[in-house]
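Position 1 is the first residue of the sequence, and the numbers go up from there. Both counts, for ligands and for their atoms, begin at 1 and track the order of listing.
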Amino acid sequence: MERIIDRAYRFNEEQQRALEQGEISEEEWYEINKQYFTRNYLESDNPRGQSGHSEDEYHYSLSHLMILEAINKDGSFIDVGCANGYLLESLEKWTKGLRYYNIEFHGLDISEGLIDLAIKRLPDWKDRLFIGNALYWAPEEKKYDFVCVKELSYVPINKQQSFLDHLFNNYVAPKGRLLLGSYVEKRNTNALENKLSEWDYKPTGYIEKSHHKHQLLSRRILWFDKE
Ligand SMILES: C[S@@+](CC[C@H](N)C(=O)[O-])C[C@H]1O[C@@H](n2cnc3c(N)ncnc32)[C@H](O)[C@@H]1O
């Protein structure tokens, strides 16, 4: 089980250690992160791999369909860290196919290479795919009804609380919803939820499913509604 979690987090831990020991600056942290994602994702020959998923389409769908349960009205949706846009494309296919809510999808990524690929794949969406560091980027015009970020680890640990504040205050529209996940966690630990409650973020809802690779792991999405 440790190996399933570790694979995704080992790189991040090494980055965090290097930052804390002063071997790299925060600017370099983002640059190294960006290069890591870009190189690894662009190496893949399929759209799931190009957005960081190593499994087949069946398991990809099982892991991501759960996001639909957090969408409870028509509106706009942004995937923060959208890579090649595959999640957005899949969510659009699922929402349209199920005649579910009417959602306009947007994406943001720090990697120029991945946004270039997203625009090549989804040319009609080019005005809705943005390049930027999510910690500093903010929507120019309207905020979003749904803001989805898979991980807080897109920024160093000491910036995660201000990252969450920035997303909630500057991305989420009034009556909108911030979705965190789907991320993998050891079952019944509520590790992320506990950390967030120290920052006064209490989820208004969540969804959890068991992880098909190990009985002691679960996949979770937490959401936070804005007044
Ligand atoms: C695991 S992928 C997620 C892809 C997609 N959201 C999904 O769930 O399938 C993470 C993406 O976040 C992007 N990313 C990492 N740090 C970021 C940051 N600070 N700002 C914007 N994007 C970032 C990476 O370039 C990468 O494409």
Starting from the C-alpha separation in whole Å, work towards a yes-or-no answer on side chain to side chain contact (heavy atoms under 4.5 Å, CB included) for Ile207 and Trp223.
CA-CA 9 Å; Ile207 177 163; Trp223 57 86; 3.8 Å; yes
List every atom of ligand 1 that sits less than 4.0 Å from any heavy atom of [X], numbering the atoms from 1 in the order shown and giving each element.
X      : result
Asp79  : 5 (C), 6 (N)
Ala134 : 18 (C), 19 (N), 20 (N), 21 (C)
Asn133 : 18 (C), 19 (N), 20 (N)
Gly132 : 20 (N), 21 (C)
His53  : 7 (C), 9 (O)

Between Phe224 and Phe168, ring centroids under 6.0 Å:
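Ring centres of Phe168 and Phe224 not closer than 6.0 Å.
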Do side-chain atoms of Asp145 reach the backbone of Lys73 as a donor and acceptor pair under 3.5 angstrom?
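Not confirmed, Asp145 side chain does not pair with Lys73 backbone.
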Could you tell me whether the side chain of Asn133 and the main chain of Ile110 form a donor-acceptor pair under 3.5 Å?
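No, the answer is negative, given that no donor and acceptor are paired below the 3.5 Å cut-off.
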Look at [atom] and say which protein heavy atom is nearest, naming residue and atom and giving the distance to 0.1 Å.
atom                    : answer
atom 4 (C) of ligand 1  : Gly81 O, 3.2 Å
atom 25 (O) of ligand 1 : Asp109 OD1, 2.7 Å
atom 22 (N) of ligand 1 : Ile110 N, 3.1 Å
atom 1 (C) of ligand 1  : Tyr41 OH, 3.1 Å

Can you confirm whether Glu27 is buried at CD, in the sense that more than 12 heavy atoms of other residues, nucleotides or ligands lie under 6.0 Å from that atom?
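No, because the 6.0 Å sphere around CD of Glu27 holds 12 heavy atoms or fewer from other groups.
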Would you say Glu151 touches ligand 1, if touching means a heavy atom closer than 4.0 Å?
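Checking ligand 1 against Glu151, which is what was asked, there is no heavy-atom contact under 4.0 Å.
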Contact with ligand 1 for Lys150, non-hydrogen, under 4.0 angstrom:
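It does; at least one heavy atom falls under 4.0 Å.
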Per-residue contact class, Tyr154 against ligand 1 - non-hydrogen pairs under 4.0 Å:
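Both parts.
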One residue to check: Leu114. Relative to ligand 1, which of side chain, backbone, both or neither has a non-hydrogen atom less than 4.0 Å away?
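The answer is the side chain.
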Over 60° means perpendicular and under 30° means parallel, so classify the ring planes of Tyr171 and His166, tilted if in between.
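Rings of His166 and Tyr171: perpendicular, as their planes differ by over 60°.
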Parallel, tilted or perpendicular: which fits the ring planes of Tyr136 and Tyr30, with parallel below 30° and perpendicular above 60°?
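Rings of Tyr136 and Tyr30: perpendicular, over 60°.
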State which residue, out of Tyr144, Tyr86, Phe77, fulfils the ring-ring contact (aromatic ring centres under 6.0 Å, His included) condition with Phe105.
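By the ring-ring contact (aromatic ring centres under 6.0 Å, His included) criterion, Phe105 pairs with just one of Tyr144, Tyr86, Phe77: Phe77.
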Quick check with a 6.0 Å cut-off and a 45 degree axis cone: is Arg220 positioned over the face of Tyr206's six-membered ring?
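Relative to the ring axis of Tyr206, which defines the angle, Arg220 lies inside both limits.
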